[in-house]
Each structure stands twice: as C-alpha cells, then as structure tokens.
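Just so we're on the same page: letters track the sequence lines, and every chain starts at 1.
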There are 2 protein chains.
Amino acid sequence: MTTDKSIKDVAKVAGVSISTVSRVLNDSQGVREELKQKVLDAVQNLNYHSNTIARALKGMPMKTLGLLIPSIENPFFPSMVRGVQDEAHRNGYTVFLCNTDGSGIVEETQFKLLLDKKVDGVILVASKYTTKYLKESVNFPVVMIDRYVDSPNLSYVTVDHAIGVKLALDHLYSLGHRNIAFLGSKLVSSGAKERFQSYKRYLYDSKIEFDESLLVFGDYTYESGIKMTEELLRRKVKFDAIFCGNDLIAFGVIELLKRNGINIPKDVSIVGYDDISFSSYHTPKLTTVHQPTYEVGQMSTKIMLDMISGVDRRIKHIKIEPSLVVRETTRRIGSGNR
Amino acid sequence: MTTDKSIKDVAKVAGVSISTVSRVLNDSQGVREELKQKVLDAVQNLNYHSNTIARALKGMPMKTLGLLIPSIENPFFPSMVRGVQDEAHRNGYTVFLCNTDGSGIVEETQFKLLLDKKVDGVILVASKYTTKYLKESVNFPVVMIDRYVDSPNLSYVTVDHAIGVKLALDHLYSLGHRNIAFLGSKLVSSGAKERFQSYKRYLYDSKIEFDESLLVFGDYTYESGIKMTEELLRRKVKFDAIFCGNDLIAFGVIELLKRNGINIPKDVSIVGYDDISFSSYHTPKLTTVHQPTYEVGQMSTKIMLDMISGVDRRIKHIKIEPSLVVRETTRRIGSGNR
DNA sequence: GACCTCTTTGCAAACGTTTTCAAAATTATA
DNA sequence: TATAATTTTGAAAACGTTTGCAAAGAGGTC
C-alpha cells in the first residue's frame, strides 16, 4: 500500500475507459458481463479502494453521520451511542461523536462543523437552544433522540415515560406503598417533564392524595441525590418509598439514607430510572426502570438511513417501551427482617 | 442557508479571481491589503464556508481523527474518549469513534474504512492483532493509547502501572496486610501484564513470600470478579486483602464476599484499579488506583496533532502517573468494629 | 525615460470521481 | 441484406478547491 490507486489505474489495467469502471462500481447497469469481470479483476489485483472524497465532491454520500450528545461521560449515553454506531457500521457508515455539554452554543458550532464536513445526517440529543436553530436547517436530515422538541417536522425516537413511571409506581403500589416521594426534575428535558407529569397522573388515578412536601427537585446527579434526600429528611414528612428521576439520584439517595441509619429496602423502597450498567453492580442492586437506550440509538439510525437513502422520508415520532427490572431496593411494606 | 456558496461566488462579489480568494483564505501571503479586505467582506456577507471535501481532494487535511476503542460501553473508556475529543475540538478537529470489541478483524476493517474517509490520523487502543497490520501502514500517523505493542516506531501514551501497583500495595502493606490476593489477568493487555509483573516484583522487594494460591485469573468484568472470588474461597487459603485488576472485578469481589458474610473492610481490604466514576458511588466507596484516562486521551491527541502538523514527528513513549484514591474498602488489619 | 526587479494577480491544470451525450457495436425487424 | 432499435462504450464536462506559471503592475536604479 505505498501509493493510492485511482480509477484511472484500474481502467488502464482492465483496458477500458474510466467511465466503464465507474459504472461497474456503481450502477453495474448496462455493461457487458465480460468487461465487468475484467474490471472487477483489476480492482482486486490493484487492491483499489474508491476515493470517498472525490465521490462526495460529485454529490455522492460520504456515508458519515454526526451524533451530538451532552456528554459521553454521562453513563446514560454509552449504550445509546453504541446502538447508533452498530447500526451505522452495519451499513458502511461511520459516525462523528461530539459532546455539547448541553450548551446550545457549542451544539450549534458542532452542528455547523459537521455540516462543513458533509455528513449525510445528524442525530442529536437536543438541548433547548437547538430547537430554534434546527427549524431553519430542516432541509437537512436530522433526527432527535431521547428528548424531543415540539416541532412537527422533525423525527424523534424516545422512550415512553408514561409507561415507565406507571411500571415503577404500580410495583410500589402493589407492595403496599402509598407515601411515595418524587426526587427528580421537571425542567432538565422533555423526559424529565413527562416523568413528573406521569407521577402526578398516577397519584390522581390511584386516588392517592398529592402531597407537595413529598416532592424535591434537583439535578440528575449523585450529588444532587444526596442533597435532595437531606432536604426530604429535613421536612420530617412520612414516606415509605422514593421514586427517583434517574439511577444516579437513586445512588445518592441510598447513600444518604444509609448514613442516617435507614435500611433499604427494609425501611424504605427505592426505585430508580434508566438502568445504567452500574445499577446491577450496586449494593443493594437497584430496582429500576430499564430504558432501552441501545434500541433507541439503533432505531434512530435506521430512520436516519431511510431518510438519507430516500426509502422513507416521512416524519416519525417513535416511543419505545421501557420495562421494570425488580432487584433489591424494593420490598413489601412492613415485611420486617430477612 | 438555501444553497451553498462557493469560492466562485465570493470571487465575483469581491471582484477578484478565485485564486486570490483562495490565497487570502489560506496563506494570506502576497495579496494587497485592499483586496484582502474586500474578499473578507464578501466571505462575511455571503456567509461562505469553505468546502472541506474539495480541499481534501487537493491534499489538504480533512481535520478529522479516527478513534478505535474496544467498546464505549466499557466504563473505562468514556473519559478517555472525552479527553481526545476535547483536545481535538479545541483544534477544529472532529473525531470518528469506532468500537472494535477487541476483535482484530473488526479493527482492521474499521481502520481501512477510516483511511478511505481520509482521516488525518488514528488513535487506537490496540488489540494483539493490530500490531502486525499497523507495522505496514506506518507511513500514516497512528498513536497507540492505553496499551502498547513493542513496535519502536509507533508512539504511545499509557499509564505507569508499575507506579500504580506500588501505590496500591504500599497502602495495603502500611495497613498491615501481608496476605494479598491478586485477582486479575495477565493476558488481556500490556497493562494487565504489567500489573501482574509489578505485583510479583513488589512481593519480592518486600520480602513477602509469593503464594500461587493467592492468584486467580479471569476477565476484567463484574461476573468474572464473582467467579474468581468463588474460586479463591474454594481454595480455603488465608488472605486479608485483595488487589483487583480493575474496578469492575472489585465490585464483583465485594458482592460475593458480602454474600458469604465477609465484611469489607473489617475482614478484608479491597483495592481496585481504574477509578471509574461508579467507584465513588458504590457502597462501600471503593479504594482504588486512579488512572488519569482523560489526560491520556488528551495527551495522545496533542501528540497526534503535532505529528500531523509536522511540528514534531518524533516517536514518543509516554507514561502518565496514576494516583491512589483511598476511600472505604481498605482498613488497618484487625482494627475491629468502627 | 528605459531597463530591471519585485510584488501582486489571474489563468488553467490538476485532484478522483460521476454523468451527459454522442458514437460505436450489437441485436432485432422487415 | 439493409435498416431501425437497442445496448454498450468512451470523451469530456463538471464538482470546489489549490497552486505553478506567466502576465501585469509597481517601484527602483541608472
């Protein structure tokens, strides 16, 4: 592999014109079997690889996707990223990964950079700022993932949090819990908002009185989980279970409860949300709502690829169903030791 | 942003030739201040972005890097990836992330795909197979990361495991531990090998008798941690501390020890390796050797960028120093309750 | 003012493809 | 067998840049 071969070299070796070579490499239409074989042989012998750059200049796809997420260091995202990458690679696509840290400015900068590099489409976990900007560049393939904005002409694939929350609360309810605290956020993202709404809805439907003092809001972090629990304890309100907005919060909750001599799940049941890998390594193992993040990534990429190839250009709004994973942090109320 | 502007449009608006435009956009050498300003104004007005593809076709850099890792789902890698991305973006570079699952075949395929897409260089966490292949494509900028192969003409940046292991064992030793089991691997990677060698070396230097039955080998996973601990227990050998090849193993160890009524750190001290984010969320919080993975990623990218720009083409072999993070899984031997 | 030098500019040829169009070869039709 | 219809082929023009080369301008020097 000293120096790159071009289509010209192949043409010379095969004894045909470059147009013919190009044709067998692409359409493969209207070229005699004999010549076709010659070309294919030449390609083989020379170990020719077509130059993606030159093809792109003629408007051919670069077979490249952009993926914008807040941060790969957030344990929620790796499996989602893996989902898009696996699906992309299966189709010969490569993916640019960019971290935005949730900043709209960074997001826009990165987006433009990707556009400059002629990606065929971009999949992104939207921040609030995104919305406005994307509405203008809507002639370009974009699919939202995990979170969505209320733009009807943008595809998205996310998780059905109404179902997720119901799964968690049904579980808690069936265990006899009625005083269920909510520790999370209602601002962070569309998903966070939905989870809070679903919590209220569930209480209403189950005829459980809605108690403001069982609500604590904060970030989706371990540290915030600790702080929110401190706040909850300070209020001296009675609670026998806690629904956490995500797993990281749940870990914080468990840590602080433990420090205060409160046993889990004997005294309080905890359910998390996300099912990040660490949830099953934690002690006690966390009962949580599993978000099918890998599938979300995979599905969004399928949709993207269909948009690009023109197979299916329709706007799609997909919600994938989460599931409940019961582990060790939930237990029937008042079931004592053991 | 309906249709892309080209250098031609800029030339027309500025009333100069396209060569002049190109010149002010690149060298900026030998063009009158007056015209230069005109061109710059035209660029501004038209919101012109230079076409990276066309530039690349003329041999200009794509400002794109490839990053090959086993899997982004392995919690060891996200911060390393973040390190290279941050440094890359700071210099206007974008990075393709690819997962190889440690397979040499996949690795080679991905590598070639990246080459086809004309990346300016690739940073990779090598598998064994890589070595052979890379030795041939050595005219292309490559830097190894985390692990290395013994090819003298390939740069790498990794962590100094001799120091890391010494840090961990010194700590255990100072706490009075003398029967220190080793649960890890000696095959997985250069790092794993080094850790095992350093363990043996430490024992020798400290005049602690080397006991084969204190050694268990397996994978770098939680499940393997469980299995290895079962094996250790089965042997009925006396141990008061365990050094784990990575944090995931340590979590498995802790889980299984707990199941067997063994208290940590009261009965046994555990030290992990890596310091992945979960280590501080775990209960008990894990004492572990912190690998500066972010810095490793960042440093490797700096080296790569220097290679590409030609500022510094020398082969570099860099080892970054790890540090010990003492948390809750280690305690002075026999110090009883509380 | 003529000549020389140095700077600034533009033309045109690449880079490796795809694709239009017309020419050539083949096959079908009368 | 001649002609029309069809298929297969190649020449050449694009795609948006960079850059070598020569022409044009500007500024000195004698």
Side-chain angles (χ1 to χ4, degrees), chain A residues 1-40 42-43 46-64 92 115-120 309-310, chain B residues 1-40 42-43 46-64 92 112 115-120 310:
Chain A
M1 250 161 283
T2 47
T3 170
D4 273 8
K5 303 298 175 194
S6 87
I7 209 177
K8 241 179 190 164
D9 303 306
V10 177
K12 197 179 291 170
V13 171
V16 298
S17 75
I18 60 166
S19 345
T20 301
V21 175
S22 175
R23 266 190 281 259
V24 354
L25 261 32
N26 296 315
D27 359 294
S28 284
Q29 218 77 69
V31 41
R32 240 176 2 171
E33 195 56 36
E34 188 197 339
L35 286 197
K36 191 168 161 182
Q37 209 39 252
K38 270 191 195 167
V39 170
L40 258 22
V43 165
L46 294 172
N47 185 32
Y48 165 79
H49 282 236
S50 80
N51 185 325
T52 320
I53 299 300
R55 305 187 78 228
L57 193 55
K58 294 293 298 183
M60 303 264 93
M62 269 293 273
K63 292 213 165 203
T64 284
L115 248 36
D116 279 354
K117 303 218 172 160
K118 298 284 176 276
V119 297
D120 302 311
S309 70
Chain B
M1 250 160 283
T2 47
T3 170
D4 273 9
K5 303 299 175 194
S6 88
I7 209 177
K8 241 179 190 163
D9 303 307
V10 177
K12 197 178 293 171
V13 169
V16 299
S17 74
I18 59 167
S19 346
T20 302
V21 176
S22 174
R23 267 188 281 257
V24 353
L25 261 32
N26 295 316
D27 359 294
S28 285
Q29 218 76 71
V31 41
R32 241 176 3 178
E33 195 57 35
E34 189 197 339
L35 286 196
K36 191 168 160 182
Q37 209 39 249
K38 269 192 195 166
V39 169
L40 259 21
V43 165
L46 295 171
N47 185 30
Y48 165 81
H49 283 236
S50 81
N51 185 326
T52 321
I53 299 300
R55 306 187 76 226
L57 193 56
K58 293 293 298 184
M60 303 265 94
M62 271 291 274
K63 292 214 165 202
T64 284
K112 284 179 180 164
L115 247 38
D116 279 355
K117 303 218 173 160
K118 298 284 177 275
V119 297
D120 302 312

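One atom, CG of B/Asn51, and another, P of D/dC15, lie 12 Å apart when rounded to the nearest Å. As a whole-Å value, the separation of B/Lys5 NZ from D/dG16 P is 12 Å. Put simply, CG on A/Asp4 is 8 Å from P on C/dG16, counting in whole angstrom units. Between B/Met62 atom CE and D/dG16 atom P there is a gap of 16 Å when expressed in whole angstrom units. D/dC15 atom C1' lies 11 Å from atom NZ of A/Lys118, rounded to whole Å. Residue A/Leu46 contributes atom CG, which lies 15 Å from atom C1' of C/dG16 at whole-angstrom precision. Summarising the geometry, the separation between CD1 on B/Ile53 and P on D/dC15 is reported as 16 Å, rounded to the nearest angstrom. When rounded to the nearest whole Å, the span between CG of A/Asp116 and P of D/dT17 equals 11 Å.
Residues forming a salt bridge (charged side-chain N to carboxylate O under 4.0 Å, His left out) with B/Lys118 (at least two apart in sequence, or on another chain): A/Asp4. By the side-chain hydrogen bond (donor to acceptor under 3.5 Å, both in side chains) test, A/Asp116 pairs with B/His49, sequence neighbours left out.
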**OP:** Take A/Arg55 and A/Leu25 through the side chain to side chain contact (heavy atoms under 4.5 Å, CB included) test and state the conclusion after the steps.
**Re:** CA-CA 12 Å; A/Arg55 305 187 78 228; A/Leu25 261 32; over 6 Å; no
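A 4.5 Å side-chain heavy-atom check between B/Leu35 and B/Val24 finds every atom pair outside the cut-off. The shortest side-chain heavy-atom distance between A/Tyr48 and A/Ile7 falls under the 4.5 Å cut-off. Between B/Met62 and B/Val119, the closest side-chain pair of non-hydrogen atoms is not below 4.5 Å. For the pair B/Glu34 and B/Lys38, the minimum side-chain heavy-atom distance is below 4.5 Å.
Between B/Ser6 and the phosphate of D/dG16, there is no side-chain N or O to OP1/OP2 separation shorter than 4.0 Å.
The main-chain N or O of B/Asp120 is never found under 3.5 Å from a side-chain atom of B/Lys63 such that the two would form a donor-acceptor pair.
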Side-chain donor/acceptor pairs under 3.5 Å, residues 8-19 of chain B, sequence neighbours excluded:
residue : atom : partner : partner atom : Å
B/Asp9  : OD2  : B/Ser6  : N            : 2.7
B/Ser17 : OG   : B/Ser19 : N            : 3.4
B/Ser17 : OG   : B/Ser19 : OG           : 3.4
B/Ser17 : OG   : B/Thr20 : N            : 3.4
B/Ser17 : OG   : B/Thr20 : OG1          : 3.3

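Axis angle, first five pairs versus last five pairs of the helix from C/dG1-D/dC30 to C/dA30-D/dT1: 50°, rounded to 10°.
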Original post:
How does protein contact run along nucleotides 18-25 of chain D, one letter per nucleotide 5' to 3', with B for base contact, S for sugar-phosphate only, - for none, heavy atoms under 4.0 Å?
Top reply: BBB-----
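Taking only side-chain atoms of A/Leu57, from C-beta outward, the nucleotide of D/dG10, D/dG16, D/dT9 with the closest atom is D/dG16.
In this structure, B/Ile53 and A/Lys117 approach most closely via the heavy-atom pair CD1-O, 4.2 Å.
Scanning residues 32-40 of chain A for heavy-atom distances under 4.0 Å to DNA chain D yields A/Arg32, A/Leu35.
Of the inter-residue distances, the one linking B/Thr52 atom OG1 with A/Leu115 atom CG reads 10.0 Å to the nearest 0.5 angstrom.
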